[in-house]
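One structure below.
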Amino acid sequence: MGGTTINTRNNYITEGPILSGLIKFSLPILLSLFIQALYGGVDILVIGQFAGVADQSAVSTGSELIVMITMVISSLAMGITILVGESVGAGRPEEAGNAIGAGIAIFAVLTVIVTAVLAPFGTTFASLMHAPEEALSKTADYISICGGGALFIVAYNILGSIFRGLGDSKTPLMAVAIASAFNIAGDILLVAGFKMGAAGAAIATVAAQGLSIIISLAVIRKRDLPFRLRKEHISFRGGYALRVIRVGTPIAIQDLVVSLSFIVVHIVVNDMGVTTSAAVGVSNKVCNFLLLIGMCYMQGVSAFVAQNNGAGRRDRSRKTMLCGIYTSFITGVVCFCASFFAGGILSSLFSNSPEVIAISHEFLKAYAFDCLMLGALMSLLGYFNGCEHTFFVMLQGLIGALCIRTPLVLIFGKMAVPSPFLIGIATPASTIVQLVMGIIVLVFIEKKDREKSILLSSDND
């Protein structure tokens, strides 16, 4: 795969102004995430306009499970991004090929597992998630169909992780743009045209991902890469598989537990009725757009830091993190205002039910506070990921999900009259705790680095 003619370094990442370089690298990531959010939002939008509330609840509940699995896969693939970034930054492209080959071997096994678990047991998972009775069968169909397309979910995330590690954030943008276009067409055809409801939305999603991967691979074959990927690279040998797992697994565990905590939210609101279930699905889709900046910075800062660390430019790594924190807060204020004051208008884009819109706005008022803090947290976590401090990333995620978000959701959900706002406020409450933890650990690491530098300097003297 590819040749060896490309320069193995992206100068704007390891040299020059940091802020403009970070923006240049992160903008395609932001566009990719936006299109990906649009990709998922179209399902809810078309379902909300051309199907019933039961179908909307089914897609809302089923997609929560699929998103969780996608996040875990994407997080595990971060191990590939970081190792490839370090290898490219250090000018060792052959090691990047070995890391990619090991990642492919790992994810081939993972694909088989995900397909075998999800595809035959859609009804079981729908029941575990307390899908409302009138939406149970539709939820099961959505989960089973998407589970059958696990290969495409995995392949997309592998491609994205590889190219972000190489400093190329434009190719993943192309892949998700293709998938989004096909998904919109599929939703209009199957849901609006053939009235297939939740099952039609799932088929459109899987088909769009498959076509995206095929077209993306055809484009990639024509490109030059800084290494050759050979069949012998695709193995568990040489320690590269263990490194990918060691770096990616803590991030994946953290995202798994965080996603499970959000599934708990869905289980709680599913018990509140099909209308509330649909409303949470709508608010989640709105949040997917509002919180894009934070997620973008985590991916961008991780890749940026990994390459600069590989090139021995740790000073740029720290400055990159600070740029992410400062600029993401500015955009966070804008997103807060949109969520808190215009949440009803945004929700009406995904539903024509006044009850669904009103309940969704209550959730969004609570989520608005998360907009202010998430960018700073994600920039910190991106820095820790790029420095391979992924154990802490896992730890702070576990504490936020298990000790803050989940208990608060369960407590507020058992009130005599459950409040959508209070259930939603559990999310920013956990973000506050995680952000404070990140700042404390950052100060500790910076102190240790300064002490180490002083010690080395005295030894040299």
Side-chain angles (χ1 to χ4, degrees), residues 40 43-44 47-48 51-73 110-150 153 190-191 196-206 253 255-285 351 353 355-356 359-360 363 401-402 405-415 418 420 423-424 426:
D43 288 347
I44 290 290
I47 286 286
V53 174
D55 284 286
Q56 198 168 27
S57 172
V59 173
S60 172
T61 302
S63 63
E64 196 70 32
L65 179 63
I66 301 302
V67 166
M68 179 191 76
I69 292 169
T70 302
M71 283 186 66
V72 171
I73 292 170
L110 188 60
T111 299
V112 174
I113 294 173
V114 172
T115 304
V117 170
L118 280 188
F121 301 112
T123 301
T124 301
F125 283 103
S127 299
L128 289 173
M129 296 183 70
H130 291 209
E133 184 177 352
E134 54 267 57
L136 182 64
S137 63
K138 297 177 183 292
T139 306
D141 290 342
Y142 186 91
I143 292 172
S144 294
I145 293 169
C146 289
I153 296 174
L190 299 178
V191 178
M196 293 178 65
I203 292 171
T205 296
V206 171
I253 291 174
D255 279 344
L256 172 62
V257 174
V258 169
S259 296
L260 284 173
S261 71
F262 283 109
I263 285 181
V264 170
V265 174
H266 231 94
I267 290 173
V268 169
V269 298
N270 279 347
D271 288 337
M272 295 165 64
V274 67
T275 301
T276 306
S277 173
V280 171
V282 169
S283 66
N284 284 344
K285 294 305 179 185
S351 178
S353 167
E355 288 183 319
V356 169
I359 296 172
S360 174
F363 278 101
L402 297 178
R405 187 184 302 111
T406 300
L408 288 179
V409 167
L410 294 174
I411 290 170
F412 294 140
K414 290 181 179 179
M415 296 173 61
I423 292 173

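Keep in mind that the numbers below use all heavy atoms, side chains included, and drop hydrogens, waters and symmetry copies. Count residues from 1 along the sequence.
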Heavy atoms, side chains only, cut-off 4.5 Å: are Asn284 and Phe262 in contact?
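Not touching, per the 4.5 Å side-chain cut-off.
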
If the condition is side chain to side chain contact (heavy atoms under 4.5 Å, CB included), which residues does [X] pass it with, not counting sequence neighbours?
X	value
Ser353	Ser351, Glu355, Val356
Thr70	Ile66, Ile153, Asn157
Ile411	none
Leu65	Met68, Ile69, Leu118, Phe125, Met129, Ile143, Ile263

Smallest separation among heavy atoms of [X] and [Y], with atom names:
X	Y	answer
Ala198	Ile47	N-CD1, 3.8 Å
Ser60	Gly281	OG-CA, 2.8 Å
Val191	Gly200	CG2-C, 4.0 Å
Val409	Ile423	CG2-O, 4.0 Å
Glu134	Ala54	O-CB, 3.7 Å
Leu128	Ile267	O-CD1, 3.6 Å

Suppose the criterion is side chain to side chain donor-acceptor pair (under 3.5 Å): which pairs have a residue in residues 112-128, not counting sequence neighbours?
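Applying side chain to side chain donor-acceptor pair (under 3.5 Å) to every pair that reaches into residues 112-128, excluding sequence neighbours, yields nothing.
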
Residues which pass salt bridge (charged side-chain N to carboxylate O under 4.0 Å, His left out) with Asp55, listed by chain and number, not counting sequence neighbours
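By the salt bridge (charged side-chain N to carboxylate O under 4.0 Å, His left out) rule, Asp55 matches Lys138.
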
Listed by chain and number, what are the side chain to side chain donor-acceptor pair (under 3.5 Å) partners of [X], not counting sequence neighbours?
X	answer
Ser63	none
Ser261	Arg405
Ser283	none
Asp141	none

Out of curiosity, Thr139 OG1 to Glu133 CD, how far, rounded to the nearest 0.5 Å?
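If we round to the nearest 0.5 Å, Thr139:OG1 and Glu133:CD are 12.0 Å apart.
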
Rounded to the nearest 0.5 Å, what separation is found between the CG atom of Leu260 and the CG atom of Asp255?
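It is 11.0 Å, given to the nearest 0.5 Å.
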
In residues 271-280, what donor-acceptor pairs under 3.5 Å come from side-chain atoms, sequence neighbours left out?
residue	atom	partner	partner atom	Å
Asp271	OD1	His130	ND1	3.1
Asp271	OD2	His130	ND1	3.2
Ser277	OG	Ser57	OG	2.9
Ser277	OG	Asn270	OD1	2.6

I'd like to know whether Asp43 forms a side-chain contact (heavy atoms from CB on, under 4.5 Å) with Lys285, so could you lay out the CA-CA distance, the side-chain angles of the two residues, the decisive distance to 0.1 Å, and finally the verdict.
CA-CA 10 Å; Asp43 288 347; Lys285 294 305 179 185; 6.0 Å; no

Quick check against the 3.5 Å criterion: does Ser144 have a side-chain atom that pairs as donor or acceptor with the backbone of Ala119?
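Looks like yes, one N/O pair under 3.5 Å.
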
